[in-house]
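Remember, it's 1-based here, ligands and their atoms both numbered in the order they're listed.
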Amino acid sequence: THSYTKYNSWDKVQSWIASISSSNPSLISRQVIGKTYEGRSMTLLKLGKKSSSAKPAIFMDCGIHAREWISPAFCQWFVKEALSTYGKDSQMTSLLDQMDVYVLPVFNIDGYDYTHKSNRMWRKTRSRRSGSSCVGADPNRNWNAGWCTIGASSSPCSDTFCGYKPESEIEVKNVADFIRRNKSAIKAYITIHSYSQLLLFPYSYTYDLAAHHSELLKIAQGASAALRRLYGTRYTSGPGAATIYPAAGGSDDWAYDLGVKYSFTFELRDTGRYGFLLPESQIKPTCEETMLAVKYIAAYVQKNL
Ligand code: 0X9
Ligand code: ZN
Ligand code: ZN
């Protein structure tokens with residue numbers, strides 16, 4: 001059975017998606033944006049009060065990397081909190097009245113399933129191609145943003161394989177197509193990874209500063225401060241290249257260059273003691289503190305529509 005304080009298997013997340021979206025039709029709806037390489041449906045949740053006019057939106061995905069289990073746990077937590085605090089928390093109420101929040105609970109479903117059944121440390125997709133016995137590409141090196149120029153590998157066996165071409169991974173193409181189709185509505189892109197306790201923004205494919213560098217830094221620092229207030233967890237904010245490492249083909253840089261100005265990558269807990277194997281006892285505190293940072297960003301975006 002599904003639990004917000006456990007790492008749920010894909011089967012459990014899938015039935016949770018079905019039940020939560022039918023439980024509250026006035027605040028949540030779902031749409032399939034395509035299938036994964038292995039044929040699983042990628043279901044996107046849309047949170048927000050229905051409106052007669054077009055609403056601006058925030059897009060958030062979790063689970064780009066298969067082994068980063070705290071990430072899908074956060075997306076599930078976010079959906080639960082949004083639904084249960086709408087009408088009680090003034091910020092959440094105003095956010096969902098004015099904007100839609102798209103949540104993709106698990107981006108790399110095939111990889112996530114594989115980490116539950118075969119190899120806990122798998123990172124990539126599970127695509128195959130004739131000519132190589134190695135499986136998968138890194139779905140955070142496969143976007144068309146300085147693709148495969150730095151911090152990515154053209155070797156199919158590498159964990160940071162950039163793929164055969166930009167958007168060669170069907171999961172990346174499905175999400176990129178959705179964001180392109182809804183480009184005029186989408187004002188912010190948030191992607192959740194682990195671990196290292198960082199709040200990153202463009203660029204990662206170059207050391208050049210983004211045109212909106214100082215505004216993005218200010219937002220990231222404000223969000224990190226809000227997060228820290230709950231349990232004292234320290235985050236570092238900055239552009240990807242200088243803060244973690246240069247790495248091209250990432251979703252954050254792609255969304256930013258498409259015109260989504262507020263583009264952020266979270267690297268959740270911890271700083272390496274447990275790494276990807278973050279104990280389930282840390283799901284609740286991690287999600288509670290991360291909510292504060294995501295809500296900080298959402299409030300900023302809302303104020304600056
Ligand atoms: O390397 C990554 O894709 C991310 N770190 S992780 O340990 N979760 O794999 C950082 C992504 C930062 N953004 C870009 N490189 N575009
Ligand atoms: Zn468990
Ligand atoms: Zn990651």
*Is it true that the NZ or CZ of R129 lies under 6.0 Å from the centre of Y164's six-membered ring and within 45 degrees of the ring axis?*
yes
_When you measure from the centre of the six-membered ring of Y114, is the NZ or CZ of R126 closer than 6.0 Å and no more than 45° off the axis?_
yes
*Of N142, T125, N174, which is the lone residue that meets side chain to side chain donor-acceptor pair (under 3.5 Å) with E169?*
T125
*Any idea which of R141, E267, H193, R123 brings a heavy atom closest to atom 9 (O) of ligand 1?*
R123
*What part of Y245, side chain, backbone, both or neither, has a heavy atom within less than 4.0 angstrom of ligand 1?*
side chain
*Sub-4.5 Å side-chain heavy-atom contact between T115 and R123*: no
_ligand 1-proximal atoms of S204, by part, heavy-atom distance under 4.0 Å_ = side chain
*With a 4.0 Å cut-off, would you call E289 and R269 a salt bridge?*
yes
*N140 neighbourhood, listing ligand 1 atoms whose heavy-atom distance to it stays under 4.0 Å*: 2 (C), 3 (O), 11 (C)
*Going by the atom numbers of ligand 1, which of them fall below 4.0 Å from some non-hydrogen atom of A247?*
14 (C), 15 (N), 16 (N)
*Residue that, paired with D110, satisfies salt bridge (Lys or Arg N to Asp or Glu O under 4.0 Å) out of K117, R40, K124*: R40
*Which one holds for S251 and ligand 1: side chain close, backbone close, both close, or neither close, with close meaning a heavy atom under 4.0 Å?*
neither
_Distance filter under 4.0 Å to D252 heavy atoms, resulting ligand 1 atoms_ = 12 (C), 13 (N), 14 (C), 16 (N)
*Close N or O approach (S194, ligand 1; < 3.5 Å)*: yes
*Considering the heavy atoms of H65, write down every atom of ligand 1 situated less than 4.0 Å from one of them.*
2 (C), 3 (O), 8 (N), 9 (O)
*E68 backbone or side-chain N/O/S under 2.8 Å from the Zn ion (ligand 3)*: yes
_If the threshold is 4.0 Å, N to carboxylate O, is there a salt bridge linking E167 and R180?_
yes
*Quick one: look up the protein heavy atom nearest atom 8 (N) of ligand 1 and list residue, atom name and how far away it is.*
E68 OE2, 2.9 Å
